[in-house]
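Quick notes on the structure that follows.
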Protein chains: 2
Amino acid sequence: MGRATITDVARVAGVSIKTVSRVVNHEPNVRESTQAKVEKAIAELNYRPDQSARNLASHRSRLIGLVYDDPSAYDLPSSGYIIRMQKGALSACRAAHYELLIHPCDYRKKQVIAQLKSLIEETRPAGIIVAAPLSNMPKVVGAIESTGTPFVRLSPGKRNGKQLSVATNDREASAEMTRYLASLGHTRIAFITGHPRHKAVGNRLRGYRDGLQQSGLTFSEQLVVAGDNSFSSGEAAAAELLGRKPPPTAIFAANDDMAAGVIRVADRLGIDIPRQLSVAGFDDIALARQVYPTLTTIRQPLATMAERAALALIRDAREDHSSKGTEVVPATLQIRESTGPAPV
Amino acid sequence: MGRATITDVARVAGVSIKTVSRVVNHEPNVRESTQAKVEKAIAELNYRPDQSARNLASHRSRLIGLVYDDPSAYDLPSSGYIIRMQKGALSACRAAHYELLIHPCDYRKKQVIAQLKSLIEETRPAGIIVAAPLSNMPKVVGAIESTGTPFVRLSPGKRNGKQLSVATNDREASAEMTRYLASLGHTRIAFITGHPRHKAVGNRLRGYRDGLQQSGLTFSEQLVVAGDNSFSSGEAAAAELLGRKPPPTAIFAANDDMAAGVIRVADRLGIDIPRQLSVAGFDDIALARQVYPTLTTIRQPLATMAERAALALIRDAREDHSSKGTEVVPATLQIRESTGPAPV
DNA sequence: CAATAGTATGACAGCGCTGTCAATAACTGC
DNA sequence: GCAGTTATTGACAGCGCTGTCATACTATTG
């Protein structure tokens, strides 16, 4: 037995295929009794509309593309990121009966742009979600733009009025973390900066400064060390900071990997966390709950962001227009064991 | 300007649309000169076949579904797994111009089966890849089977002749690891078993026994402790094992999380790794390279497995038949810092 | 009750491609 | 050079659906 088609349903329900189409698509102007008949027939035949046929006839696909930097290309433990984004995007997609297409790519390779374009041209998704750091790369964004496909940038901290994007309040959250540390009595709060390429990370430094100021503390170059987002750069930065006289009593790293590096170094130096040193990170990667002590950090609402992005894209596709502006989804502090009152 | 269609290409090339179709699909029996003309026209018009139209006309989709247990549902650090599987599946898909549809699901929820079925019926993928542990659940496999969609099970260690599956040689790899430890002079090699639900894990214990035997060592119940795959169960098992008189000089855990637990406990007890104790794990999760010392472990070729699975599905879809049997992709030892010569 | 304005339904032409099958061209061996 | 093959091409009918537009009903109004 082949699959039921719209014609079968129409025959069983005693209506035209167009009416079935109306019911399936929840179009207005269908009498209730008619709708009931059609729905009964659909259930009876276990009818499922054929997506290909719908797409072909309606000139639109029900695919959302999710484009992100491929972490396995350089073995970062940031895979949790991606899973969360996927999850958020998926939940929006599923509800709307859209599908998610994933496209990890290594931005350091030359062919990225070409691959991306061909992906888009071949699958013609209804919209694309571009995750950071790709969303901050003009070439990538330009390539997507040139295909005319609607897209949303997931760019923590960066706001942009011309295109649609979903962001977090990195800066405010960093300020909040800094204020939290200050409220614990810390006065020498150090900061480890992240990779300069990652724009969001710059905002985190700014937030740190904001937080200091809001807490009545003065900023000191002495307490800021550059990292590059990696665990080992966190270790190096920690070694440097803890060698200072006097050393900081709290270290706030621009991401969790570096914060984990700080914890490792403190452990080796026999420095007790949180009694002698408080450590805070940013991102809330899985590792944050696995290190000992568990890491106080800031959790980006990645899933929610991706979900909003997908929803926006789906909405736009339906209403046939594109929205603009930035939607901000706030990040939240995750207070765990690695932070505590400043030593006396 | 609208998009170029096959008709446009045919007109420009001066051939029929069918001939263009032949060129695009690499069908045989096209004269070289004709092919060149068509290809020139395609390039000139930047023509890309419309997938929806192809799917509709050919009654097959170019989607591969990847179904796996959703780690974010319970926050395991196993997301690296998924990324690797996705990566492998994607690389096969991309080469064949297929797309990957991802479907994480929480097997503990009641609706999983219904959701899965509706996903399949709505998107009608050309094939489905089912990852462990889902691939070992009769209900899940049964549901997929009932839709008639071809599928491949990614089931480490389990072999099955009736359906197609891709497996690793867990058992052999475990034996190899055990032999490796024995070759370092260890004679008291302990083993921490995993969660009984995870079938592959049973194979690891068997491999451990094989390895002991192959190395001329005798198996002792005293050196086997049950864990449940979690970090904390690894800690508990380590505490128990290290309390034995005499303690083992090497501990082989059925997965990396538990091995990391062993490392933590040894660290707390002041036991030097690898000088006093060698520790080995299984899986090569990201954490394995982040713990100190870095963990010797076994790496499952997850990406390769998923790639093979996708390839098999794509091949079957093309050739319109389904292959059977189990393909085995060997796991490889990753020797790092946590193992060394047995103490004298 | 006719005129007007919705509201509900259907007929039908594609969407852009592939599959089928028939037509033609190019070879083969004798 | 001819019948018998085989390689190459094209005409055309759908695939299952949606969009457009025409039609048939049902209220509403003065």
Side-chain angles (χ1 to χ4, degrees), chain A residues 1-39 41-42 45-63 97 121-124 126 317-320, chain B residues 1-39 41-42 45-63 97 121-124 126 317-320:
Chain A
M1 68 140 213
R3 231 184 144 97
T5 74
I6 201 172
T7 316
D8 301 326
V9 177
R11 188 169 17 76
V12 170
V15 299
S16 74
I17 59 167
K18 182 65 216 190
T19 298
V20 176
S21 172
R22 286 195 180 95
V23 172
V24 168
N25 293 292
H26 306 104
E27 283 174 31
N29 300 337
V30 177
R31 201 176 300 158
E32 260 184 51
S33 59
T34 312
Q35 184 179 329
K37 275 194 301 187
V38 172
E39 277 166 356
I42 288 177
L45 298 169
N46 189 29
Y47 166 73
R48 312 271 177 203
D50 182 299
Q51 289 302 334
S52 301
R54 295 177 102 168
N55 296 165
L56 177 57
S58 65
H59 298 283
R60 72 170 73 113
S61 84
R62 274 146 220 268
L63 293 174
H97 293 261
E121 277 167 352
E122 276 168 28
T123 65
R124 310 203 201 172
R318 281 210 231 277
E319 297 172 8
D320 212 39
Chain B
M1 67 138 212
R3 228 184 147 98
T5 73
I6 200 171
T7 315
D8 301 326
V9 177
R11 188 170 16 77
V12 170
V15 298
S16 74
I17 59 168
K18 182 65 216 189
T19 299
V20 177
S21 172
R22 286 195 181 92
V23 172
V24 169
N25 293 291
H26 306 104
E27 283 174 33
N29 301 335
V30 176
R31 201 176 300 160
E32 261 185 50
S33 59
T34 312
Q35 185 178 330
K37 275 193 302 185
V38 173
E39 275 165 357
I42 288 177
L45 297 169
N46 189 30
Y47 167 73
R48 311 273 176 201
D50 181 300
Q51 288 303 333
S52 299
R54 295 176 102 167
N55 296 344
L56 177 58
S58 65
H59 296 284
R60 73 170 70 114
S61 85
R62 275 146 218 267
L63 293 174
H97 292 261
E121 279 168 349
E122 277 168 26
T123 65
R124 309 201 201 173
R318 281 211 232 276
E319 296 171 10
D320 211 39

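Order of the sequence lines sets the chain letters (A, B, ...), proteins ahead of strands, with each chain counted from 1. All of these numbers come straight from a predicted model, not from anything done at the bench.
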When rounded to whole Å, the CG to P distance for the pair Leu56(A) and dC17(D) reads 12 Å

Are any of Ser16(A)'s side-chain N or O atoms less than 4.0 Å away from OP1 or OP2 of dG10(C)?
-> yes

* Asked: Is Arg31(B) near enough to dT8(D) that one of its side-chain N or O atoms lies under 4.0 angstrom from OP1 or OP2?
  -> no

In whole angstroms, the gap separating P of dT24(C) from NZ of Lys18(B) amounts to 19 Å

On the side chain of Arg22(B), is there an atom forming a donor-acceptor pair with the base of dG10(D) - under 3.5 Å, no angle test? yes

To the nearest angstrom, the CD-P distance between Glu27(B) and dT9(D) comes to 12 Å

Ranking Ser58(A) and Pro28(A) by the position along DNA chain C of their nearest nucleotide, the one closer to 5' is Pro28(A)

note: Asp50(B), atom CG; dG14(C), atom C1'; distance rounded to Å ~ 14 Å

inquiry  = Taking atom types as they are modelled, would you say the side chain of Arg48(A) forms a donor-acceptor pair with the base of dG16(D) within the 3.5 Å cutoff?
reply    = no

Quick one: label Asn25(A) by what it contacts on the DNA or RNA (base, sugar-phosphate, nothing), any heavy atom closer than 4.0 Å. sugar-phosphate

His26(A) NE2 to dA8(C) P, in whole Å, measures 16 Å

In terms of heavy-atom contacts, Ser52(B) and Leu56(A) come closest through CB-N, 3.8 Å

Q.
What contact category does Val15(B) fall into here, base, sugar-phosphate, or nothing, at under 4.0 angstrom with non-hydrogen atoms?
A. sugar-phosphate

note: Asn29(A), atom CG; dG6(C), atom P; distance rounded to Å ~ 12 Å

Rounded to whole Å, NE2 of His59(A) lies from P of dC15(C) at a distance of 7 Å

Review point. Under 4.0 Å between a side-chain N or O of Ser21(A) and OP1 or OP2 of dT18(D)?
Key: yes

On DNA chain D, more 5' by nearest nucleotide between Gly14(B) and Arg124(B) is Gly14(B)

On a heavy-atom basis, the closest approach of Gln35(B) and Val30(B) is N-CG1, 3.9 Å

Whole-Å distance, Arg11(A) CZ to dG10(C) C1', equals 17 Å

_Side chains of Asn25(B) and Arg54(B) only: does a donor on one sit below 3.5 Å from an acceptor on the other?_
yes

Quick one: is Thr34(B) getting a side-chain N or O under 4.0 Å of the dT9(D) phosphate, OP1 or OP2? yes

Between Thr19(A) and Val38(A), the two heavy atoms sitting closest are CG2-CG2, 4.4 Å

**Asked** So, the side chain of Arg3(A) versus the backbone of Glu121(B): is there a donor-acceptor pair under 3.5 Å, distance only?
**Response** yes

